[in-house]
There are 2 protein chains.
Amino acid sequence: MVEAINHSTTEVVCCEPLLDGTLLAEEAEQLAAMFKALADPIRLRLLNVIAASGEGCACDFPAALGRSQPTISHHLRILVDAGLLEREQRGKWAWFRVREPQLNAVMDALRPPTPVR
Amino acid sequence: MVEAINHSTTEVVCCEPLLDGTLLAEEAEQLAAMFKALADPIRLRLLNVIAASGEGCACDFPAALGRSQPTISHHLRILVDAGLLEREQRGKWAWFRVREPQLNAVMDALRPPTPVR
DNA sequence: ATCTCAGATCGACGTCTGTCGATATGATAC
DNA sequence: GTATCATATCGACAGACGTCGATCTGAGAT
């Protein structure tokens with residue numbers, strides 16, 4: 001279906017504010033795509049484990065999370081495509097780091113529109 | 001499948017912090033369930049429209065969002081079950097409000113573990 | 001009680017998703 | 001070059017999901 005997936009960056013910093021009544025159909029699509037990337041327990045645990053130590057090697061995840069190597073690779077791809085992880089090749093190993101700006105962008109969409117208090 | 005769905009409250013305020021390396025398998029399930037409820041453009045637009053005016057009548061949503069009445073009812077149910085909306089019956093109409101504490105709980109899970117700066 | 005109408009539930013459909021075994025790719029070591 | 005090993009891709013499968021037409025439920029109104 002997807003003819004040429006951008007497997008790396010996804011420089012779109014989606015995420016219009018969710019609660020202020022300005023969310024258009026297309027923006028909702030983009031935001032929903034971000035949430036979809038977060039809507040799986042294995043992917044959340046990948047983010048969690050990687051963020052905890054700053055970075056993580058793909059080689060450790062199948063044993064740590066109890067999923068096969070293809071399954072882990074599949075989930076890592078989804079997180080990278082969503083812009084939530086960045087991938088770096090070191091020798092024959094693949095290392096991943098969390099892209100916190102993208103995570104913050106998702107968080108901002110949930111923030112209520114009450115700028116003053 | 002689900003034999004008796006709690007269609008109202010869901011007092012679980014899920015959402016352990018995502019980035020600090022303490023996410024257990026079961027907590028990841030709960031958090032993923034919250035993100036799953038947010039991972040659909042129609043549901044995001046429902047939240048958006050309802051939050052914008054403080055409340056919203058189910059009767060307006062099919063026309064506003066271009067989906068059938070059963071489909072809207074389906075999505076509203078998912079948001080109520082996730083604890084993100086609360087439902088109130090007024091005469092024959094159903095009105096909905098956003099439960100901001102629950103939304104904030106999801107947001108807190110995304111916050112990076114840097115309490116001091 | 002009967003009528004009307006808003007909303008929920010049911011049943012079906014096509015599509016998407018998570019999973020894994022098998023295989024391909026690509027990088028290092030020899 | 002070949003061998004080895006880490007990761008990606010492929011193919012298949014079962015289950016979940018979004019959608020809608022048809023129907024049921026329940027609250028007013030008469």
Side-chain angles (χ1 to χ4, degrees), chain A residues 1-8 25 28-29 31-47 50 55-82 85-97, chain B residues 1-8 25 28-29 31-47 50 55-82 85-97:
Chain A
M1 289 300 165
V2 184
E3 67 295 336
I5 297 176
N6 178 3
H7 195 174
S8 49
E29 292 287 348
L31 227 197
M34 295 295 306
F35 284 124
K36 210 171 287 189
L38 293 168
D40 180 273
I42 295 293
R43 292 197 286 273
L44 291 181
R45 291 170 71 193
L46 282 169
L47 284 173
I50 293 168
E55 59 184 11
C57 176
C59 55
D60 295 326
F61 300 144
L65 301 186
R67 288 297 184 282
S68 72
Q69 177 270 321
T71 296
I72 293 294
S73 181
H74 167 70
H75 287 304
L76 287 170
R77 185 193 217 285
I78 288 173
L79 290 171
V80 170
D81 285 350
L85 284 184
E86 56 189 6
R87 197 198 116 114
E88 184 193 350
Q89 188 82 24
R90 297 188 198 163
K92 20 187 202 177
W93 294 276
W95 288 77
F96 295 85
R97 303 171 63 93
Chain B
M1 289 300 167
V2 183
E3 67 293 336
I5 296 176
N6 178 3
H7 195 175
S8 48
E29 290 292 344
L31 227 198
M34 294 296 304
F35 284 125
K36 209 171 288 189
L38 293 168
D40 180 274
I42 295 293
R43 291 199 286 274
L44 291 181
R45 292 169 72 192
L46 282 168
L47 284 173
I50 293 168
E55 58 184 11
C57 177
C59 55
D60 296 325
F61 299 144
L65 301 185
R67 289 295 185 282
S68 71
Q69 178 270 320
T71 296
I72 293 294
S73 181
H74 168 69
H75 287 304
L76 286 170
R77 185 192 216 286
I78 288 173
L79 290 171
V80 170
D81 285 349
L85 285 183
E86 56 190 6
R87 197 198 117 113
E88 185 193 349
Q89 187 83 24
R90 297 189 199 162
K92 17 188 204 176
W93 295 277
W95 288 76
F96 295 84
R97 305 171 63 93

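As a basis for the values below, the full set of heavy atoms in this structure was taken, side chains included, without hydrogen atoms, waters or symmetry mates. Sequence lines set the chain letters: A, B, ... in the order given, protein chains first and strands last, and positions in each chain run from 1.
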Query raised in the report: Which nucleotide in the set dT7(D), dA6(C), dT19(C) lies at the smallest distance from any side-chain heavy atom of Cys59(A)?
Result: dT7(D)
Query raised in the report: Can you tell me how far P of dA6(D) sits from CZ of Phe61(A), to the nearest Å?
Result: 15 Å
Query raised in the report: Could you give the distance from CZ (Arg43(B)) to CG (Leu31(A)), rounded to the nearest 0.5 Å?
Result: 13.0 Å
Requested in this report: Respond yes when some side-chain nitrogen or oxygen of His75(A) is under 4.0 Å from OP1 or OP2 of dT17(C), and no when none is.
Outcome: no
Query raised in the report: Which is it for Leu65(A) and Thr71(A) under the side chain to side chain contact (heavy atoms under 4.5 Å, CB included) test, yes or no, and what are the steps along the way?
Result: CA-CA 10 Å; Leu65(A) 301 186; Thr71(A) 296; over 6 Å; no
Query raised in the report: To the side chain of Phe96(A), which of dG18(D), dA8(D), dT9(C) is closest?
Result: dA8(D)
Query - Separation of dC17(D) C1' from Arg67(B) CZ (nearest whole Å) - result: 13 Å
Query raised in the report: Which nucleotide, dA6(C), dG18(D), dA22(D), lies nearest any side-chain atom of Trp93(B)?
Result: dA6(C)
Requested in this report: Whole angstrom is fine here: how far is it from CD1 in Ile72(A) over to C1' in dT7(D)?
Outcome: 12 Å
Report task. To the nearest Å, give me how far apart CH2 (Trp95(B)) and C1' (dA6(C)) are. Result -> 13 Å
Query raised in the report: With respect to the side chain of Thr71(A), which nucleotide from dG18(D), dT7(D), dC20(C) is positioned closest?
Result: dC20(C)
Query raised in the report: Rounded to the nearest 0.5 Å, how far apart are CD1 of Ile78(B) and CD1 of Ile42(B)?
Result: 12.0 Å
Report task. Please figure out whether Ser73(A) or Ile42(B) has its closest DNA chain D nucleotide nearer the 5' end. Result -> Ser73(A)
Query raised in the report: Quick one: which of dC5(D), dG7(C), dC10(C) gets closest to the side chain of Lys92(A)?
Result: dC5(D)
Query raised in the report: Which is true for Arg43(A) with a 4.0 Å heavy-atom rule: it touches a base, it touches only sugar-phosphate, or it touches nothing?
Result: sugar-phosphate
Requested in this report: Could you please spell out the steps behind the side chain to side chain contact (heavy atoms under 4.5 Å, CB included) verdict for Arg90(A) and Glu55(A)?
Outcome: CA-CA 12 Å; Arg90(A) 297 188 198 163; Glu55(A) 59 184 11; 2.6 Å; yes
Query raised in the report: Which distance, rounded to the nearest 0.5 Å, do you find between the CD of Glu29(B) and the NZ of Lys36(B)?
Result: 7.5 Å
Report summary line: Heavy-atom nearest nucleotide on DNA chain C taken for Gly91(A) and for Asp40(A); more 5' hit belongs to Asp40(A)
Query raised in the report: In whole Å, what is the span from the CG atom of Leu65(B) to the C1' atom of dG18(D)?
Result: 14 Å
Report task. Classify the side chain of Gln69(B) and the base of dA8(C) as holding, or not holding, a donor-acceptor pair under 3.5 Å. Result -> yes
Query raised in the report: Rounded to the Å, how far apart are Glu88(B) CD and dG7(C) P?
Result: 13 Å
Requested in this report: Using the side chain to side chain contact (heavy atoms under 4.5 Å, CB included) rule, take Phe96(A) and Leu46(A) through it: C-alpha gap first, then chi angles, then the decisive distance, then the call.
Outcome: CA-CA 10 Å; Phe96(A) 295 85; Leu46(A) 282 169; over 6 Å; no
Requested in this report: Measure from the side-chain heavy atoms of Ile78(B) and tell me the nearest of dC10(C), dG18(D), dT9(D).
Outcome: dG18(D)
Query raised in the report: Given dT9(C), is OP1 or OP2 found less than 4.0 Å from the side-chain N or O atoms of Arg77(B)?
Result: yes
Query raised in the report: Rounded to whole angstroms, how far apart are CZ on Arg45(B) and P on dG18(D)?
Result: 15 Å
**Report entry** Whole angstrom value for the distance that separates P of dG15(D) from NZ of Lys36(B)
**Finding:** 15 Å
Requested in this report: Tell me what His74(B) touches on the nucleic acid: a base, only sugar-phosphate, or nothing, going by heavy atoms under 4.0 Å.
Outcome: base
